[in-house]
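Below: the structure, in structure tokens.
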Amino acid sequence: MESVLLLDNGSRRAAAVDALRRLAETLGARCGLPIEPVSLAHADRIPADRLDGRPATLLEPLLEARLSAGARDFLILPLFFGPSAALTEAVPALVARLRARHGDFALRLAPELCPLPAGEPLLTRILAEQLARLAETTGDRPRRVILVDHGSPNPEVSAVRAWLAARLAERLGQVIELDQAVMERRPGAAYDFNGPLLEQQLERLASNECDSPIFLSMLFLAPGRHAGPGGDIAEICARAEQAHAGLRIHVSGLVGEHPLLPEILAARLRQRATHHRL
């Protein structure tokens, strides 16, 4: 029987593992299949007592144990927006190591959440609806929006954010100014494709005008080091508001909190012709 693994990059925050587990449960109920939440790295450092006594599961030891027990058929559903190095380098290298120890086995990789050039229109809808909910909650009208993500040295990953930004701008209309920003980027002009840091974008917008609030559209799946309560983004926004009197920054919900995400993943699961055998 094929094992279906919902894979994220991993986080040292328990809230990220909790979110991954909830998503796997929701997706499994939707598809009528057992979906196992696994992480590529980091999550094994979270004490089990912060995870209801159940340690987080990493991909390599899980595959090692299943292969040793005779399993030979796996499908990975990646919780990644674009073709990050985790999918193009780390997972293939892991499969090669395991084949050297255990012989051949079948492992298929479903497409990422926003495979270009077709992209994923439902992600645009998620981002727009999260902004609409935020506007309703705050009572402010969004005129200035920053679409912010982790950032990547890979131009193919940055292209995903650019694709989503273009579609989101179309959906929001011309009365809204939409910019992009990242949490991490490498220095130098060679990485300008990645975009400016969030601090830089906030400073630019705040210096021009403080009366109009800034809405952050969060291209993040789960709470972690950057997103969520106590993350870097919350700290950056607090500093910007302290530095500029009257500035208001509103932060949207995460993509992983929206009920449409399981629909995207269910579609990836069904589209077997798009699965890539590693």
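Please read these numbers as outputs of a predicted model, since none were measured by experiment.
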Side-chain (S252) to main-chain (M218) donor-acceptor, under 3.5 angstrom: yes

R125 CZ: over 12 foreign heavy atoms closer than 6.0 Å: no

From D140 atom CG to S212 atom OG, the distance as rounded to the nearest 0.5 Å: 8.0 Å

Short side-chain to backbone donor-acceptor contact, R171 and T124, under 3.5 Å: no

Atom of W163, atom of A118 and distance for their closest heavy-atom approach: CZ2-O, 3.3 Å

Minimum heavy-atom distance between I46 and S11, given as atom pair plus value: CD1-O, 3.4 Å

Rounded distance [0.5 Å steps], CD in E120 versus CD1 in I126: 8.0 Å

Q271, CD: over 12 other non-hydrogen atoms inside 6.0 angstrom: yes

Residues R144, D179; criterion salt bridge (Lys or Arg N to Asp or Glu O under 4.0 Å); working and verdict: CA-CA 8 Å; R144 302 188 295 176; D179 293 295; over 6 Å; no

Contact summary for L40 and L7, nearest pair of heavy atoms: N-CD1, 3.6 Å

H258 and E129: side chain donor to acceptor below 3.5 Å: yes

Closest heavy-atom pair and its distance - T88, P83: CG2-O, 3.8 Å

Within 6.0 angstrom of E184 CD, more than 12 heavy atoms from elsewhere: yes

Check: R268 side chain, L77 main-chain N or O, donor-acceptor pair, under 3.5 Å: no

With N208 via side-chain hydrogen bond (donor to acceptor under 3.5 Å, both in side chains) - residues at least two apart: none

Closest non-hydrogen atom pair between G230 and R13, with its separation: O-NH2, 3.5 Å

Exam field: side chain R225 to backbone D232, donor-acceptor pair closer than 3.5 Å: no

CG on L123 to CD1 on I264, rounded to 0.5 Å: 4.0 Å

Between Q242 and R239, a side-chain donor and acceptor under 3.5 Å: no

From I146, I236, L202, residue fulfilling side-chain contact (heavy atoms from CB on, under 4.5 Å) relative to I249: L202

With E36 via salt bridge (charged side-chain N to carboxylate O under 4.0 Å, His left out) - residues at least two apart: R66

Spacing of CZ belonging to F81 relative to CG belonging to L113, to within rounding of 0.5 Å: 6.0 Å

Greater than 12 external heavy atoms within 6.0 Å of R97's CZ: yes

Least distance between heavy atoms, A266 atom then C31 atom: CB-SG, 3.8 Å

Intermediate values then yes/no, side-chain contact (heavy atoms from CB on, under 4.5 Å), R161 and Q180: CA-CA 8 Å; R161 187 189 66 245; Q180 302 175 50; 2.8 Å; yes

